[in-house]
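One structure is given here, and the rest of the page talks about it.
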There are 2 protein chains.
Amino acid sequence: DLSRDVDEKLIQEFIAEVDNVKIQENLRELTRVPHMATTAGDEATVQYMLKNWQDMDTGLDASWREDYRVYLSFPNRDKPNNVSVVSAADTVVYTVREKEKAYRSEQDDPEVVQPYAAYGPAGEVKGRLVYANQGKASDYETLNATLSLTGTIAIVRYGGAGRADKAINAAPFGVIGVLVYTDPYDINDGLMSDENETYPHSWYLPPSGVERGSYKNHFGDPLTPYLAAKNGTYRIPVENITGIPPIPIQPIGFEDAQALICELGGSAAPEDWQGSFPCSYNFGGPGFASTSPFNNSDVTLHLYNRGELRDSANVMGVIWGSVEPDRYVIYGNHRDSWVHGAIDPSSGTAVMLEIARVLGQRVKAGKWRPRRTIIFGSWGAEEFGLIGSAEYAEEYVSKLSQRTVAYINVDISVFANATLRASGSPTVQNVIFKASQQSNLTRSQVNIPGSDSVSVYDNWIRYSNRTSAAYGNIPNVGHMTGAGSDYASFVHYLGITSLDISYTYDRSTTRARIYPAYHTAYDTFDYASTYIDPGFTSHQTVARTAGNVLIRLADGLLLPFNCSDYAETLEQFLSTAAEAFEAQLVANGISLEPLKAAVKRFRTAATSLDRTIHNSDLANDTPLRARMINDQLMLLDRAFLDPLAFPNKYGYRHVIWASRSSNVATFPGVADAVEKARASGRKEDWAQAHKHLSIVTQAISGAAHTLAEAQR
Amino acid sequence: DLSRDVDEKLIQEFIAEVDNVKIQENLRELTRVPHMATTAGDEATVQYMLKNWQDMDTGLDASWREDYRVYLSFPNRDKPNNVSVVSAADTVVYTVREKEKAYRSEQDDPEVVQPYAAYGPAGEVKGRLVYANQGKASDYETLNATLSLTGTIAIVRYGGAGRADKAINAAPFGVIGVLVYTDPYDINDGLMSDENETYPHSWYLPPSGVERGSYKNHFGDPLTPYLAAKNGTYRIPVENITGIPPIPIQPIGFEDAQALICELGGSAAPEDWQGSFPCSYNFGGPGFASTSPFNNSDVTLHLYNRGELRDSANVMGVIWGSVEPDRYVIYGNHRDSWVHGAIDPSSGTAVMLEIARVLGQRVKAGKWRPRRTIIFGSWGAEEFGLIGSAEYAEEYVSKLSQRTVAYINVDISVFANATLRASGSPTVQNVIFKASQQSNLTRSQVNIPGSDSVSVYDNWIRYSNRTSAAYGNIPNVGHMTGAGSDYASFVHYLGITSLDISYTYDRSTTRARIYPAYHTAYDTFDYASTYIDPGFTSHQTVARTAGNVLIRLADGLLLPFNCSDYAETLEQFLSTAAEAFEAQLVANGISLEPLKAAVKRFRTAATSLDRTIHNSDLANDTPLRARMINDQLMLLDRAFLDPLAFPNKYGYRHVIWASRSSNVATFPGVADAVEKARASGRKEDWAQAHKHLSIVTQAISGAAHTLAEAQR
Ligand SMILES: [Ca+2]
Ligand SMILES: [Ca+2]
Ligand SMILES: [Zn+2]
Ligand SMILES: [Zn+2]
Ligand SMILES: [Zn+2]
Ligand SMILES: [Zn+2]
């Protein structure tokens, strides 16, 4: 039946069948051992995915692995990284912990990787210590104004700047090494004691906990930009990799950071550089205070990280479409973790497996087959920089660009159990709302006084909302401007309409920048089931909501995309840009009028397409009619791609959602170019601002042309 | 009726109705006055197109103009360009003609633009003359080996190197000015006398005739790369334009060239530098021979070309599609000429108008409407570098990429009246053959002894053929590797399947590099109707053939595209590459195996899609079935695009058809990179060869994925 549409009964059955206990079991299996990319533990998860997706009763139509040969970075097991304080007489007077403290057996697993900065170079450096706040360029500038940074080691806290940038920003000032830690102020709401305050007593980070991470700015395999990393593929020389630390860098726990920072000499750092340690955070003399036992001592970093080519697997699974097999809805989550990765990423993998199980058993029983093809992707080596999903996007760029309706990303499915969080293209706002209205929270989740039944939507709007010109007060769906997870290749590189869903915090109760065990050896099944989501009802809620969206995207006769909601975002970006930049642009001879006209044209075209849809009776019209409108909707985000717009930002082609340095929430190329021109006052920089205005103007006009009547 | 297919009766009626006399009348109207881009004469042709396409009885559904503000280059009417020989005493001893000689009133029209090199800089230079053959880099090297080029003026002949390159290649050697002429050897089969040998006595170029042209390497408006040149669009500074002559350059007639070259001193140039003048072509002393009346004289160039922003119009016309209005077949031809442009481009415009008339009157009478939308484009400012079509492609990049089935280009429709010539993507070879088999030549065109009826195809195969692995002996369809006409933006920038059709020479009877009046004041209606196509039957043949292809592309239930013919071309490119490059690649550690595997994968996928098509009964299947297969075929060429493959070649993104410097007829990026690496022996250059191999391998694999079954 070519005019079949979403079956609301199926949706209800799906919601009813999503099983929190099954999700919990998945999570337990996935997190038995550490499963860092390309390790034996990772291979075990590959096999677990294949076993599930190839199951005769609950599996998918097909499932297989796809390997890429990618360049990863690991510490040396035989020669662990070492950070010490060394006296003038060359005696080691203090040594930073090599491993995190064990509270349970998980931390003692020999496969727990030593904390390190992936892609940070090996090297042995020695110098006076300074405290550089968050390692932003402005932080080093501030510091450099009072002391010479040449030959120093900087200790910085997480936040404010990207991991790699903390070293990239430092090097030009003569800094020769960097230590990174997580201040209890930023992650633990100030708590620090593992006797009663931190895990295993709460969700907070223990004093020895260290956030690992990829210290690489560009996503994808670093040796094969724009090419899938197969055997035989051209690889750039390792020394040509850009966006990685030029100097040794090592993350450490806050216990060790405190021991170092609280001994620093020099003048006191500014108020906003202070953290939770019970001491004054000083700049450093450089070096330690003359009153300190470390007086006249240096800090040494002996780091032995090394790059290796490894085979990393994506596991793919597919449910073939019945009516439009050449239209894809892709649902993805990465599989690799830093250690046990119970929350990151296995909370998402457990949810993906449960969605696939509920749908798969229907397919296997011959009861259902989606209109469009559903593809599940279990990505490898995300933690090293979204590598598996990026290589997939590069290998299948043509096919995916031509056929993909949408990409749904669920990485960490549950950060915390207060409320739904979603980000995505404006076109999918409505379908997320619809799905979130269709399931109620379980009684244990309901925090609304006087109510024991509340929808995901009604709960969400209490925590995060905004005023829409069209709808009034609605939950806030975020923008996908960064590259925080595997959606990056889909939205930024391929221009595929994407969304990202999770459950998250009540921001009024914590200022933790992320769940505290993030990327540490404490992110275990015990942690997840004790502190993040006991009972796994938030996992269940995410599975229900994301699965509901997935079914609607796969089964809708008309794609559940609203192009007028895109117009609202463009209008908002325009008015923000006008307010922030117009006067100065005009003063430099650059008019905003073409951009205004383009946004207006987009709105007119969107209204017209909405009217066309409203006046259509697709179920009784020819199937080509729906296909034509759906093509317009599917390809809308594609129209915002410009492969030459951001020559210095790897993989960023979407001129609305690309990453942005400016704080002005508007078109990223324009905002960053105007800020640069403002700062420099140079004519060439204003010309670049003009160029970015023209680029975004042309993209919006072009998108409007695709929404307008087809004949012209 | 959604399953309607090509109506063979319509095709027959179309062929019968295409009227040579109407084409002749169109040509007479179009060529009444010179119609260089943006002049009053150009505007008259805009109005003529609109009048025809808006005609109530024979017009299209809609027709309109679209203006772009583009940067053109013109000589100064008040201060004509001057080339002279000046003695040591500063006396002018010889002056080159300012205008071509008038044989008829057309040449006396005040709107005949003085011969000049568009985009060549203004400037006044004076120096000793040298003869530099074709102005290739190797020519200047040869010359530089025997004399110092510093401060010289070089005279070069057309051919061998692009117009701008003749100056770009010269400047590094210290050459300060360039003269360009057309040697009678290359254009006139050696004939030179206007008393009985050249026009108006024959089709040959008169002694004062000068080929004008764009001296600009990149296509599109030079100030707005990748952006449509609207009001308010960002423009690069004029001094940042690349690919134009850095030194003054001026084209002159061969009469003047003879007067200069035959007086040159120095040693005799090599045999293959000699032309048809009855004298030895010497290098120059530098300068004139001591025995010459010009002894000790310099040549001066006083050039006053200047750039101007002008509004150039495309005229668009459309016949809306009935079943798939969102699929476009585009047919285009430029409208602007250098002077009267009877052959270039009005022979093509006259044909396009006739095709549109025959189809338009059917539409207006309610007798026919194509399945897909047909768009006619009458491009402006092609002569300055394909500007109108490039700006159109830039403005509508998203829509055109998503929806265009094919682009048909007919620029000069008749170069000569011997045989059809076609180039295009391998996928359209078959439909061109089909169309060329369906109309017979008129009796006056038949050159086959003993026959008075022969098809266009049977005539064609006698002049140009090749052996195909699949079909045996067939006419040769050329490759679209350059940017010779408006197809460039469609095939190279947008990746749209394109073809180019014309009627051309019997190469056994002339070695003229193009029809001799090309870009001169002699390319008039008189010239066309007397020497190129008396009776206009070749024009009629082109209209029938191109129109037949157009109807088949617009009306076919299944697109008449053959993907296996693409496989044949890729296999041929691969075996050429293997033969020419494999040993040396392997010696440098680079394997061809991934490319071989990709080509094999493409062949397998093409065979599989062919089988699917063969086993389908599209007329009785759902209309979605044909749409899905047609989408695969339509988007095949798109899969070969890589916007980053050729960073130094403006607008080239198609990795199979991009321009190529190497003589090895294979993948252009690979061929050029290998040649460079061979020449330099540098490791980095071999790395680039490897990179280009990976780029083309990934593109071919990606294309194969789009042809394979959709589900994976
Ligand atoms: Ca890659
Ligand atoms: Ca342009
Ligand atoms: Zn993650
Ligand atoms: Zn992570
Ligand atoms: Zn032309
Ligand atoms: Zn021309």
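Proteins get letters first, then strands, A, B, ... in listed order; numbering begins at 1 in each. All figures in this text were calculated on a predicted structure; none of them were measured in a lab.
Side-chain contact check for B:Val674 versus B:His692: every heavy-atom pair is 4.5 Å or farther apart. Side-chain atoms of B:Tyr234 and B:Leu223, non-hydrogen and from C-beta on, never get closer than 4.5 Å to each other. Looking at heavy atoms from C-beta onward, A:Asp61 lies in side-chain contact with A:Arg369 at the 4.5 angstrom threshold. Contact of the A:Ile330 side chain with the A:Ile496 side chain is not registered, since no non-hydrogen atoms from C-beta on lie closer than 4.5 Å.
The choice from B:Ala699, B:Ser398, B:Gly232 that makes the most heavy-atom pairs within less than 4.5 Å of chain A is B:Ser398. Ranking A:Ala703, A:Gly702, A:Ser694, A:Ser701 against chain B, the residue ahead of the rest is A:Ser694, based on heavy-atom pairs under 4.5 Å. Between chain B and the options A:Glu324, A:Arg653, A:Glu684, heavy-atom pairs under 4.5 Å are most frequent for A:Arg653.
Checked by atom type, the side-chain pair A:Glu394/A:Tyr68 shows no donor-acceptor distance below 3.5 Å.
Salt bridge annotation for B:Asp631-A:Arg403: absent, with no cationic side-chain nitrogen under 4.0 angstrom from a carboxylate oxygen. The pair A:Arg627-B:Asp326 fails the salt-bridge criterion, with no side-chain N (NZ, NE, NH1 or NH2) lying under 4.0 Å from an Asp/Glu carboxylate O.
Residue B:Ser591 does not touch chain A at all, counting heavy-atom pairs closer than 4.5 Å. For a residue to count as touching a neighbouring chain, one of its non-hydrogen atoms must lie under 4.5 Å from one of that chain's; by this rule A:Leu227 touches chain B with backbone and side chain alike. Both the backbone and the side chain of B:Ile695 come within less than 4.5 Å of a heavy atom of chain A. At a 4.5 Å heavy-atom cutoff, A:Arg625 makes no contact with chain B through either its backbone or its side chain. If you measure heavy-atom distances from B:Leu2 to chain A, the contacts under 4.5 Å come from the side chain alone. Using a 4.5 Å cut-off between heavy atoms, B:Pro594 touches chain A through its side chain atoms alone.
Using modelled atom types, no side-chain atom of A:Ser616 and backbone atom of A:Leu618 make a donor-acceptor pair closer than 3.5 Å. Put simply, the side chain of A:Asp221 never gets that close to the backbone of A:Ala229: no donor and acceptor are under 3.5 Å apart.
Residues of residues 642-651 of chain A lying within less than 4.5 angstrom of chain B, judged on heavy atoms, are A:Pro643, A:Leu644 in numerical order.
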Review point. Checking side chain to side chain contact (heavy atoms under 4.5 Å, CB included) for the pair B:Asp637/B:Tyr566: CA distance, chi angles, key distance, verdict?
Key: CA-CA 10 Å; B:Asp637 261 305; B:Tyr566 225 125; 2.5 Å; yes

